[in-house]
Amino acid sequence: STTLDFGRFAIDHAAFRSGSFDTHFVSEHFHEGALDRKVPMEDEDVAKLAVAMMLRSNPTPQKTASSAETKRTSNWKNRKNF
């Protein structure tokens, strides 16, 4: 019903973690029983782990708009006089 188990399989695989994979990853590495959990882990914990790994791979914080930028009138609103 979800792809969480497959995501877990991919994240746990050495080829995936090292970045040494291509579009044939599934045909080369996926096998029957690959989705069986070796260590019981709740889906919520897996999701937290995935987010942590994503943030770790892209540690640069996203720029947020300053208060001056958020107070500017949009071009869309400026066009109302046309």
Side-chain angles (χ1 to χ4, degrees):
S1 60
T2 70
T3 59
L4 287 173
D5 290 330
F6 178 78
R8 185 177 301 108
F9 160 76
I11 289 171
D12 287 342
H13 199 281
F16 190 87
R17 285 194 314 260
S18 71
S20 177
F21 66 94
D22 56 23
T23 57
H24 300 285
F25 175 79
V26 173
S27 63
E28 292 174 355
H29 301 288
F30 190 76
H31 55 83
E32 186 176 339
L35 300 183
D36 296 340
R37 294 184 183 188
K38 293 162 186 63
V39 177
M41 190 177 221
E42 296 296 321
D43 289 343
E44 181 180 347
D45 295 329
V46 173
K48 288 177 185 178
L49 178 61
V51 169
M53 290 179 71
M54 181 184 71
L55 293 174
R56 186 174 175 195
S57 68
N58 186 13
T60 307
Q62 299 298 319
K63 181 183 175 197
T64 57
S66 69
S67 59
E69 290 174 328
T70 56
K71 291 181 182 177
R72 262 189 289 176
T73 305
S74 73
N75 287 335
W76 182 258
K77 288 183 180 179
N78 290 337
R79 292 176 183 246
K80 69 181 178 182
N81 296 325
F82 289 112

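Basis for what follows: all heavy atoms, side chains included, without hydrogens, waters or symmetry-related copies.
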Mind checking what makes side chain to side chain contact (heavy atoms under 4.5 Å, CB included) contact with Leu4, not counting sequence neighbours? Thr2, Asp43

Using side chain to side chain contact (heavy atoms under 4.5 Å, CB included) as the criterion, list what pairs up with Phe16, not counting sequence neighbours. Ala10, His13, Phe21, Phe25

Enumerate the salt bridge (Lys or Arg N to Asp or Glu O under 4.0 Å) contacts for residues 12-27, please, sequence neighbours excluded, ordered by first and then second residue. none

Not counting sequence neighbours, which residues clear side chain to side chain contact (heavy atoms under 4.5 Å, CB included) with Ala47? List them please. none

If two hydrophobic side chains count as joined below 4.5 Å and joins carry through other members, does Ile11 share a cluster with Phe6? no

Under the rule for salt bridge (charged side-chain N to carboxylate O under 4.0 Å, His left out), what residues qualify as partners of Glu32, not counting sequence neighbours? none

Got a second to check how far Met54's CE is from Leu49's CG, nearest 0.5 Å? 12.0 Å

